[in-house]
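Have a look at the structure below before the remarks.
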Amino acid sequence: MSGFTEDEAFEAAAVPLSQRAMAQHHMPYLDGLNPAQREAVETLQGPVLMLAGAGTGKTKALTTRIAHLLATGTARPHEILAVTFTNKAAREMKQRIGGLMGEAVEGMPWLGTFHAVCVKLLRRHAELIGENVSALDQIIEDPYDKGPVPRPPNQSLPKGASAANNGLHLKSNFTILDTDDQIRLLKQLLAASNIDEKRWPARMLSGIIDGWKNKAWTPDNVPVAESSAFDGKGVDLYAAYQRRLLELNAVDFGDILLHVVTIFQKHPDVLEQYQRWFRYILVDEYQDTNVSQYLWLRLLAQGHKNICCVGDDDQSIYGWRGAEVGNILRFEKDFPGAHVVRLEENYRSTPHILAAASGLIANNKNRLGKTLKTSQKDQGYRVRLMGEWDGDAEARWVGEKIEDHWAGRSEEAKNRFNPRLKNFGQELDRRAKAGLGPISEHDYIKQAFETGEVYRNLKTLNLVRALLKKNDPSSENMLGAVKDYRVNKFGLDEIAILVRASHQMRAFEDRFLSIGLPYRVIGGPRFYERMEIRDAMAYFRLAVSPTDDLAFERIVNTPKRGLGDKAQQTIQRTARSNGVSLLEGARLCCQGKLLGGKGLKELTILVDSVDRWTAQVRAEADTHVELAEMILDESGYTTFWQNDKTPEAPGRLENLKELVKALENFDNLQGFLEHVSLIMDNETEEAGEKVSIMTLHAAKGLEFPAVFLPGWEDGLFPSQRSMDESGLQGLEEERRLAYVGITRAEEICTISFAANRRVYGQWQSAMPSRFIDELPPDHVEVLTPPGLYGGGYGAAAAPASAVGSDLHDKAHKADVYNSPGWKRLQARSGQRGVSQPAEARNMTIDLDAVSAFTEGDRVFHQKFGYGEVMGIEGDKLEIEFDKAGAKHVVARFVVSADQADDVPF
DNA sequence: TGATATACTATTTTT
DNA sequence: TAGTATATCA
């Protein structure tokens, strides 16, 4: 809270602010802004919508706005509510505000993620959740103000909800469950309700409930239209689940927002406090807000109406997680008189890349529409397009290209690589610190060339361009030199591969491993989601609060203590019949000798250990770090992994050490547990220059000089499933994803696709993505050799010279767009529908193709070569290949050996 | 109870 | 195909 009590904050808010805000002495932080950014920063009063296209400096505008609020004395740190979606974004904002203001600013207590801020609020008012869950309103509130909807009389109130009247309510020290706990809990509920978990899996239910929570529907608020969900039992189970959570004094991620919204709706006095308190509200990535978040913001903003939302409807890619693009589209309706600022000046990508991305996204119908501009004169390189035979060939080709681009491969280049000179501003700083005088841009660049300290960065290039504009005679040469140097040369950190689905990463990992190309996968399982971390955390949780049943369940038999299903059931039963926690139930089992042999002995030891740990936590005898280590040792958990012979065991031990180290940043175990559930960051940034591999979703907000976008095939990208499930909306979201991908690239963007790919172990052929057709041809350079779709196998292995090693070469383009293969692609792609059912695509059994063969036939397959048919199964042939051995192959990928010369694919 | 065999399913995942 | 979850057996 940075030293402010609630009262003080209110007092501060009540006092009119001094007019020193208007004292317009020079504000250096405003200098670097373009007019639109400046407008967004300086329009402090009233609602503001900042539509910020990719790479237009929206974080800069947002942070500068906060700095401006503070520097002008318009608001104090604690009066500003600034919310982001990720911890990373929140951190970055804090840092940049600090940078703008100098070190003088004290922390901003209300800058954080939606969840972090709401947890803070919920801990203050937790007790308001639970009492009278359903008594208050019998109307369903429509978030979008079409008027309240009366509850239909035929819908009975779910049992669980109204039963919560017996004084049960949330307590301020509630635990936050993650997805894993959530599923386990639901599984128990399903088992208790005798629901067949096979037909109605807990995962599905959790998805449904999450969806409802995202829409801000409490169990008694779920519309009738949803009553058939989950075999008609969805709503009841939801109510039961909420009740169970209350009993456990726990909330899940969805609850964090939902509960706070509920409190605001039912307790106007509480809401009013915060409306007064938060005089200025700022929201990042507004296009990603769901209904709960939207309601929360709208309620809070009704106070001072100083809300500034930043977003880009074209980058809305989380619709499947409940995000409502509609929120950004209707901002002006929600906040009449809203000031709309468009940031359209792009500082990231070259004109060619920008044009390609703009051309693609123009195919979307539902959007506000923005035109990204750049002042960059040099067009840069066209978006490169490459087709390959299969996924492996694609990975191979990308690997080769990266090696070509890798500046570090040449020693000479490495010597010239000097991040210190990344831009002119940094150089000025460096000189100031070193006591050297200032330097002109011109001299800076000249010197950089003379000393060989040139960093091939867009910023350097832009400096040279600036000199060109000023008609500086020497700049012409410099421009040439910079460009020569820059062609194809990057550090590995500057290269990224962005895939649609994580399984695509594998091909690249395999390939890069075998050629020794350093890479790093971004995303993956997060640190706090790893099994060993969660186990360890469960031990800590139990030590801190012995009644944490979920934690107990998790660790009773981890490591193995001979306490299987039966023993655990006995414990459960004992606990329930005595109305006590599982730990107490276990204690009773031990005392009453309700268990046999090994289990009894082990359980007694466990119960005793937990008692001891709890006592030590309370006594604060040891430091919490020592205590944590002790718990892990005494429980046998460390030993468990030490004895484990699987290859990942050492890594897991390493992670445990990491966890203990992380504890050092907190005062005690409780504090650690409270914060950790919201910080799911993967902070283990190993050093070293590496290529990044990640999903397109993970890439949002990032930028790289060179970007590879593989797997642009219809069905994979756009994903068939998205199109099947969400039709045109789904397709448009996929297109936005493509747009996000392209706009990550600063200088070189390479799109590729494969004609064949193995999907679930089956070879499948695919069409190039429809998004490829939508790229404006003038901004695309096709590297795909004409042979790929005419000459068949081997075309992909064409020598580099034929693959267009010169990025400026336009000659290939016309050739390929006109080649028979390309035309055939176009013709075939014309048959595609928006939401062709998956079955039609995948389950076609081409019996004609099978019947063309009999056992003993000599055949040819593009990948495996020549072989002999050994048998026929359905639409598949069993073939003994000369080189590749026995394989099962779909018949239409095979031709008889004598036709092998004329293969269409 | 614990280990092995079989069956099943399979995007994207900010917190 | 491969990874996981459940079923079965020792």
Side-chain angles (χ1 to χ4, degrees), chain A residues 83-91 112-119 176-179 182-183 187 197-198 201-203 206-207 210 213-214 251-257 284-285 287-290 292-293 315-323 391 498-507 522-526 528-529 557 560-568 595-599 602 675-682 694-701 711 715-726 730 733-734 736-737 740-741 757-764 838 842 887-888:
Chain A
V83 279
T84 64
F85 277 87
T86 64
N87 291 303
K88 197 174 153 209
R91 237 183 351 250
T113 64
F114 275 98
H115 292 264
V117 170
C118 282
V119 164
I176 300 166
L177 304 190
D178 57 32
T179 333
Q182 201 185 340
I183 301 271
K187 272 190 179 159
E197 239 232 85
K198 281 249 180 64
R203 290 209 156 275
S206 109
D210 277 349
K213 289 186 175 175
N214 286 336
V251 301
D252 64 21
F253 282 125
D255 284 333
I256 295 174
L257 259 299
D284 195 15
E285 307 278 19
Q287 77 282 351
D288 289 339
T289 48
N290 62 31
S292 282
Q293 289 155 340
Q315 291 187 68
S316 161
I317 54 175
Y318 283 105
W320 51 276
R321 261 190 139 250
L498 313 181
V499 297
R500 171 69 247 260
S502 46
H503 65 251
Q504 290 172 261
M505 294 179 179
R506 202 196 168 107
I522 313 258
R526 271 173 284 280
Y528 290 104
E529 277 170 8
N557 205 26
K560 300 272 185 287
R561 294 197 171 84
L563 296 160
D565 278 352
K566 230 175 119 199
Q568 288 186 39
L595 295 170
K598 193 183 168 218
E602 292 279 350
H675 285 271
V676 110
S677 39
L678 288 177
I679 307 167
M680 290 294 210
D681 275 351
N682 223 353
M694 68 188 93
T695 62
L696 286 159
H697 284 90
K700 197 174 79 159
L716 179 60
F717 190 37
S719 135
Q720 191 60 50
R721 199 156 153 184
S722 281
M723 292 188 291
D724 290 346
E725 284 172 9
S726 316
E733 181 153 316
E734 295 284 307
R736 292 193 288 267
L737 205 46
V740 167
R757 198 174 286 276
R758 213 158 43 175
V759 182
Y760 307 140
Q762 292 275 317
W763 281 99
Q764 290 203 294
N842 298 330
K887 301 263 186 236
H888 286 258

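Just so it is clear, the structure is predicted and the values come from calculations on it, not from any experiment.
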Original post:
Closer than 4.0 Å, any side-chain N/O of A/Asn557 to the OP1 or OP2 of B/dT1?
Top reply: no
Original post:
Starting at the 5' end of DNA chain B, which residue's closest nucleotide do you reach first, A/Lys560 or A/Thr113?
Top reply: A/Lys560
Original post:
Between A/Thr113 (side chain) and A/Ala90 (backbone), is there a donor-acceptor pair under 3.5 Å?
Top reply: no
Original post:
Taking the P atom of each, how far is B/dT12 from C/dA5, in whole Å?
Top reply: 16 Å
Original post:
For A/Gln568, what residues pass the side chain to side chain contact (heavy atoms under 4.5 Å, CB included) criterion, not counting sequence neighbours?
Top reply: A/Val556, A/Asn557
Subject >> Value rounded to 0.5 Å, distance of NZ in A/Lys700 from CG in A/Asp288 >> reply: 3.5 Å
Enumerate all atom pairs, one protein N or O and one N or O from nucleotides 9-13 of chain B, separated by less than 3.5 Å.
unit_1	atom_1	unit_2	atom_2	d
B/dT11	O4	A/Ser722	N	3.3
B/dT11	O4	A/Ser722	OG	3.4
B/dT12	OP1	A/Ser502	N	2.9
B/dT12	OP1	A/Ser502	OG	2.4
B/dT12	O4'	A/Arg500	NH2	3.2
B/dT12	N1	A/Arg500	NH2	3.4
B/dT12	O2	A/Arg500	NH2	2.2
B/dT13	OP1	A/Thr695	OG1	2.5
B/dT13	O2	A/Arg321	NE	2.8
B/dT13	O2	A/Arg321	NH2	3.3

Original post:
Does a side-chain heavy-atom distance below 4.5 Å link A/Tyr318 with A/His697?
Top reply: yes
**OP:** With side-chain contact (heavy atoms from CB on, under 4.5 Å) as the test, would you mind laying out the steps for A/Ser292 and A/Lys213 before giving the verdict?
**Re:** CA-CA 7 Å; A/Ser292 282; A/Lys213 289 186 175 175; 5.8 Å; no
Subject >> Flag, side chain of A/His115 to backbone of A/Ile256, donor-acceptor distance under 3.5 Å >> reply: no
Original post:
Going 5' to 3' on DNA chain C, which nucleotide is the first and which the last to come under 4.0 Å of a heavy atom in chain A?
Top reply: C/dT1 to C/dA7
Original post:
Is there side-chain contact between A/Thr695 and A/Arg500, with at least one heavy-atom pair below 4.5 Å?
Top reply: no
**OP:** Give, for atom CD of A/Glu602 and atom NZ of A/Lys560, the distance between the pair rounded to the nearest 0.5 Å.
**Re:** 12.5 Å
Original post:
Within the structure shown, what part of the strands sits under 4.0 Å from A/Ala89 by heavy-atom distance: base, sugar-phosphate, or nothing?
Top reply: nothing
Original post:
Between B/dT15 atom P and A/Ile176 atom CD1, what is the distance in whole Å?
Top reply: 13 Å
